[in-house]
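All remarks here apply to the structure that follows.
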There are 2 protein chains.
Amino acid sequence: MSTPRNEPARTGGVREHNLALVLRQVAQGSRTATPPSRADIAAATGLTRATVSSLVDVLVGAGLVEELAPVARTRAGRPATGLALRADAVSGVGLEVNVDYLAVCVVDLTGAVRHRRVVDGDQRTRTPATALRRVARLGARAIAGERATGRAVAGVTIALPGLVQAPHGPLRLAPNLGWRDVDVVGLLTREPTLAGLPVTIDNEADLAALAELYAGGAGGSTSFVHVSGEVGIGAGIVLDGRLYRGRHGWSGEIGHVAVRPDGPACRCGAGGCLEQYAGQEAILRAAGVPADAATSMGGSSAVDRIAGLARAGHPEVRAALAGAGAALGLVVAGAVNLLDVDTVVLGGIYAPLAEWIGPAVAAEVDRRVLGAPWAPVEVRASSVGPDAAVLGAARSVVQGVLDDPASWLTAA
Amino acid sequence: MSTPRNEPARTGGVREHNLALVLRQVAQGSRTATPPSRADIAAATGLTRATVSSLVDVLVGAGLVEELAPVARTRAGRPATGLALRADAVSGVGLEVNVDYLAVCVVDLTGAVRHRRVVDGDQRTRTPATALRRVARLGARAIAGERATGRAVAGVTIALPGLVQAPHGPLRLAPNLGWRDVDVVGLLTREPTLAGLPVTIDNEADLAALAELYAGGAGGSTSFVHVSGEVGIGAGIVLDGRLYRGRHGWSGEIGHVAVRPDGPACRCGAGGCLEQYAGQEAILRAAGVPADAATSMGGSSAVDRIAGLARAGHPEVRAALAGAGAALGLVVAGAVNLLDVDTVVLGGIYAPLAEWIGPAVAAEVDRRVLGAPWAPVEVRASSVGPDAAVLGAARSVVQGVLDDPASWLTAA
DNA sequence: TCGATTTGTTCAGGAGTTGAACTTATCGTC
DNA sequence: GACGATAAGTTCAACTCCTGAACAAATCGA
């Protein structure tokens, strides 16, 4: 698909583009009640029926698409044969290492979750090698399971909280894990099952944003900032339907944008960073809730407790959340003034707290965003859930196949 | 040109792509001492000599490219015929309305400036219709001049300081002009000479950033933020070699990013905006220089006076500039943390003041940008000059022809 | 003067899409 | 139950465009 700007275009590139175009139509349509036919796709894309037929043949031959059994026909004329993504051919695997858990997730081509597992445990006490060995084993077991059912695994993507040189480069810095310059892909592929697969690495917040995009979250917007509140705060920036990773893959480090020039010192060496006002620890501190409870995605956590207290009307907690929201809103407003996105998604711990944080964010955004009077900025909670990052990791793998079926064909 | 993601690719699109690819090679090479031959272009692009020949024939036939007279030949073999952009075929016209001047600029295909004119005068006292009629007349006169020499004018782009719905939409808000919801294109095309041409509108700061990009400024970087200090402060964001305009065309409103949540009130309705710390008026005030002098691009201005005082070592002025630089650096560091660009360009009034503002900006950026230890962020003064916006406007017109010669061919 | 070398052109062949004609399959109606 | 209308899917000649090899053109060096 889409030939790089500085490379010559060939007629083969046309076919790659159109193959992806047709597959995208099938993917969009297979979620709806009426699966698209070849003729529908021809009408929707502008290609002729002849071309669509030829392309669909290729996709069916590759096992990515299947013809559905004919359904109740209404109109005159030869009945259409519906097309849909095959759910039993290709899977994608996502992994995640975070401060206090490991996670694995498997999705099929349609995006349906086939397998999900979270293992709680503080990873800060482990070496990178140990943590990555463990998560690689989780992945290997999941892959074996997929293969046992006859599915091919298209690849593995791991989500990490920190500066990551996507998609292969090392992890430069993960302050909250205490990692620095770790060759993540090298360590993961010590596990033999992973060694033969394309393994990529990406930032946790970026993948959470992708999960939101793929799920049609963000109210269907294709230009949004997804803010993930965790121990740290990261943002995934989606512009015109594509994740913007930045020059080195380090975009979205919103947690270290300044709220006050002379604010409290931050782990990063500077001071007044957003993390000090709206990070998980800052919120707990301001709310007067002890931070001892595990913050895992699994059991009841400190965040749940905060949400409970806020729901019960606890004034100190509500004030803490409003304060965090104001700081977050200040920074988010700055981001929107710079990027002109139409939507801001609150993810991570902000999602369950959105009822109290959201209004403060929205108020600050409305007040500070220059374009708001003409195009209001929507502030909404994530629709994906707390495991957005692993899910996005797994989805990004199958999305790679959907975006470029041609190279999957030649690879497989 | 690259076929849009949701449209079918045709074989014709291949030719459009390769036509642009070849033209880009000619454009790059015609600046160097040794103009490229067909064979050079084939080697550089990966296309065959046969294809390049065919494409070059088209470009020569369209008058965009010309064969050069043979030069001194050194090696054995048939001598190469050099190719270069024709400077006498197509021109682009840029216009600008700013707070205290109107400007027009004409460039040829090679980017060389053929005509430039600045008319001082406070535009705040004029209605949008009057100001636009005057600048349209300047443009019409320039266009007539071009046509008299047999050149075709590919279009007109106007630069405006404010929220602009590029490339055709209305100007929503220009706080420093006092304009609101102005149909700029409609008013401009009342001038008959402009009515027959493609007229587009864009943000002043965005076009200044484009001028920097086209001139190979920003140290050759293709991912940078160009900050234009004027009465207001705007930024043009270039990501991966392309201007990022945002969802509505309102990106880069860096002047209204907050420095302090509770800072002084701003024209925009919020408070603590960067403009209140590093805008032209704030700098003059802090430096103790009266703001009465015109701030035009032409004669000696208040900014020149500040630069003179700073050069002479005036402590109050130097402190004012360092203070403005620190505030600017704080906000720019936030932008870099979000966008992960490798370069920051100081333009507008910051360019002549860069000697004193730059270090303060760089210090703040180094301290606050999370990725700085691995990939230092370069902070540099603009290499284009104070009329970057009009120049970028004119260049953006001819760049449109260079980027998509095929549609120029069919149009002309 | 002749071979070596490099540039540029010509031409058959292959990949890909198009558009029209054709086949297939179903519905309505007489 | 037969027949026409209707729509889906397939086949095939025509067109565009790139490739690769052969060829023609122009120059250098011996």
Side-chain angles (χ1 to χ4, degrees), chain A residues 1 3 7-22 25-26 29 34-61 65 67-83 406 409-410, chain B residues 1 3 7-22 25-26 29 34-61 65 67-83 406 409-410:
Chain A
M1 41 138 272
T3 311
E7 267 166 44
R10 308 250 143 78
T11 57
V14 172
R15 196 157 183 81
E16 285 173 32
H17 178 102
N18 289 337
L19 211 50
L21 183 65
V22 167
Q25 288 292 324
V26 174
T34 57
S37 68
R38 292 167 173 80
D40 293 336
I41 294 174
T45 57
L47 293 164
T48 61
R49 296 206 307 275
T51 305
V52 171
S53 271
S54 149
L55 293 166
V56 166
D57 285 350
V58 173
L59 294 173
V60 169
V65 168
E67 298 192 333
L68 298 176
V71 286
R73 34 207 175 273
T74 67
R75 297 169 305 180
R78 174 174 172 173
T81 52
L83 300 169
L409 291 186
T410 55
Chain B
M1 37 111 272
T3 313
E7 269 168 43
R10 310 251 144 79
T11 58
V14 172
R15 196 160 185 80
E16 286 173 31
H17 178 103
N18 290 336
L19 211 49
L21 183 64
V22 167
Q25 288 292 324
V26 174
T34 56
S37 68
R38 292 167 173 81
D40 292 337
I41 293 173
T45 58
L47 293 164
T48 60
R49 294 206 307 274
T51 305
V52 171
S53 270
S54 150
L55 293 166
V56 166
D57 285 350
V58 173
L59 294 172
V60 169
V65 168
E67 298 191 334
L68 298 176
V71 286
R73 34 208 175 274
T74 67
R75 295 170 307 179
R78 175 175 169 172
T81 51
L83 300 168
L409 291 187
T410 56

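Being a predicted model, the structure only gives us computed values, none of them experimental. Here is how names work: the chains are called A, B, and so on, in the same order as the sequence lines, proteins then strands, and each is numbered from 1.
- B:S53 pairs by the side-chain contact (heavy atoms from CB on, under 4.5 Å) definition with B:R38, not counting sequence neighbours.
- Mapped onto DNA chain D by nearest heavy atom, A:E67 and B:A76 fall at different nucleotides, with A:E67 at the one closer to the 5' end.
- Between C:dG8, C:dA25, C:dT5, one nucleotide has an atom nearer to the side chain of B:T81 than all others, and that is C:dG8.
- Using a distance-only test at 3.5 Å, with no hydrogens or angles considered, no donor-acceptor pair links the side chain of B:D57 to the main chain of B:S54.
- Nearest heavy atom pair, residue B:G46 against residue A:R10, reads O-NH2, 3.2 Å.
- The nucleotide range of DNA chain D contacted by chain B, defined by atoms under 4.0 angstrom from heavy atoms of the protein and reported 5' to 3', is D:dT16 to D:dC28.
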Worksheet item: A:V22 and A:T51: side chain to side chain contact (heavy atoms under 4.5 Å, CB included), yes or no, with the steps?
Response: CA-CA 10 Å; A:V22 167; A:T51 305; over 6 Å; no
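- The two atoms that bring B:T48 and B:A42 nearest to each other are C-CB, 4.0 Å, heavy atoms only.
- When side chains are defined from C-beta on, A:N18 counts as touching A:L21, because their heavy atoms get closer than 4.5 Å.
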Worksheet item: Passes side chain to side chain contact (heavy atoms under 4.5 Å, CB included), A:I41 versus A:R49? Steps please.
Response: CA-CA 8 Å; A:I41 294 174; A:R49 296 206 307 275; over 6 Å; no
Worksheet entry | Base versus backbone protein contacts along nucleotides 11-24 of chain C [heavy-atom cut-off under 4.0 Å; B, S, -] | -----SSBB----B
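- Side-chain atoms of B:L47 and B:L55, non-hydrogen and from C-beta on, do get closer than 4.5 Å to each other.
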